[in-house]
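Bear in mind the structure is a predicted one, so any value in this text is a computation, not a measurement. Just so you know, residue 1 is the first one in the sequence shown, and it goes up from there. Any value given below was found using the heavy atoms of this structure, including those in side chains, with hydrogens, waters and symmetry copies removed. Every number for a ligand or one of its atoms is a count from 1 in the order of the listing.
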Amino acid sequence: MNSVTASAPGKVILAGEHFVVKGEPAVALAVNLRVYVTVKEGRENITIKSNYLKNKVTLSLYNLGNTKSKIGKVVATILKSLTKDGDIPPLDIVINSEIPPRYGMGSSAALSVALIKALSEYLGLKLNREEVNEIAYKAEEVVHGTPSGIDNTVSTYGGIIVFRRGEGFIRLNADTSSVGLVAAYSGTFKDTKELVIRAKTLSDKYPRVFDPLYHAAGRLALEVAKALKEGNFHAVGELMNVNQGLLSALGVSSLQLERLVYRFREVGAFGAKLTGAGGGGCVIALVPKEALNRVMEAVRPYTNWVKELKVSYEGVRLEVSRG
Ligand code: MEV
């Protein structure tokens, strides 16, 4: 096989990020921004190019793990999972991402999922989604330390899911056609690993305070799932606002995020909250369809990136395979 392209979607978390790391349920949906990965025959090494990387990363076939680059480490982990020692051919890997990194929209998980799909097809392995998801989790561990698995799962399977660490996920059938979902960038970002440690450190320090908050966040995610199914977006928005308060209590919000959250609410969103690891990254807002343009215009002065998102019902997929 000479060239294979695969893609996978990014995600937003509607309820339950961070709390999901300690086993509470969370609700996530795949979005219509994708990462495309092409794998081609290389010359002597593994080379990685990306529209979000200044320089090409090169990995030696004989010492794959010997790299400081995060993306290089992810590629090495994935290649080792897919091949037997010494069985790795020279490859050129080209990444084209529509998901800006560190926006809280699952760019790293989507990259891993798409890369595993492209590589496995290139190597003639027929992996099912479950196997792709399992390997993507290992790659996420390289980037995040102790991921819950929600990002790689929603990117692999697509759609709207209720996820629980250790238990897996269920699909949520909800008609979202009458509501708008908007994301806006806060202008700053933080490392996911650092934020997960921050939330864990604070909650471990005061278990009597935080145990009930974790429990509440889990109940909240289930209420969000129920309201989504019923098409009660007013309730979903209200619960997103409560979720933002809990995330703020956990220490993962920021002044820039709060400004955006309050602006969205002020101009007519049903609800708004940070999404993903927080500390920066994006705010998501649920907006009545008829108010969508007005709300987006009203938040524009507060952000340099605002976008309407749609649910992507397709998870990982093979794009092109030329042999
Ligand atoms: C990151 O998108 C979501 C977090 O809950 C981390 C995780 O679940 O692995 C912050």
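For ligand 1, the polar-atom distance check finds no N/O of T192 at less than 3.5 Å from any of the ligand's N/O atoms. Inclusion of E17 in the set of residues having an N or O under 3.5 Å from an N or O of ligand 1 is not warranted.
Ligand 1 has H18 within reach: a non-hydrogen atom of the residue lies less than 4.0 Å from it. Heavy-atom distances between R165 and ligand 1 stay at or above 4.0 Å for every pair. Residue contact check for ligand 1: A277 places a non-hydrogen atom closer than 4.0 Å to it.
Across N152, V20, L250, V21, heavy-atom proximity to atom 6 (C) of ligand 1 is greatest for V21.
Close approach to P147 involves these atoms of ligand 1, each under 4.0 Å from a residue heavy atom: 9 (O). In the vicinity of D151, heavy-atom distances shorter than 4.0 Å reach the ligand 1 atoms 1 (C), 2 (O). Every atom of ligand 1 is numbered from 1 in the order shown, and the set under 4.0 Å from a heavy atom of K11 is 2 (O). Close approach of ligand 1 to I150 (heavy-atom distance below 4.0 Å) involves ligand atoms 8 (O). Those atoms of ligand 1 that come under 4.0 Å of a heavy atom in G276, given as number and element, are 2 (O). Shown in contact with I13 at under 4.0 Å from a heavy atom are these atoms of ligand 1, numbered in order with element: 2 (O), 3 (C).
Within 6.0 Å of NZ in K56 there are 12 or fewer heavy atoms belonging to other residues, nucleotides or ligands.
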Trace of the ring pair (Phe, Tyr, Trp, His ring centres under 6.0 Å) decision for Y157 with F169: CA-CA 10 Å; Y157 292 94; F169 74 98; 4.6 Å; yes
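Sequence neighbours left out, the pairs with a member in residues 220-236 that pass salt bridge (Lys or Arg N to Asp or Glu O under 4.0 Å) are K226-E230.
Between A249 and L213, the closest heavy-atom pair is CB-CD1, 4.1 Å. Of all non-hydrogen atoms in S112 and A139, the two that sit nearest each other are OG-CB, 3.5 Å.
If you check the side chains of S321 and E121, you find no donor sitting under 3.5 Å from an acceptor. T146 and E141 share no donor-acceptor pair across their side chains, judged by distance under 3.5 Å alone. Remark: the D175 side chain and the S177 side chain contain an N/O donor-acceptor pair separated by less than 3.5 Å.
Looking only at heavy atoms of the protein, atom 7 (C) of ligand 1 is closest to S148 OG, 3.4 Å.
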Expected list for residues 27-35: side-chain donor-acceptor pairs under 3.5 angstrom, two or more places apart:
unit_1 : atom_1 : unit_2 : atom_2 : d
N32    : OD1    : K310   : N      : 3.0
R34    : NE     : S7     : OG     : 2.8
R34    : NH1    : E314   : O      : 3.3
R34    : NH2    : S7     : O      : 3.4
R34    : NH2    : S7     : OG     : 3.1
R34    : NH2    : G315   : O      : 2.6

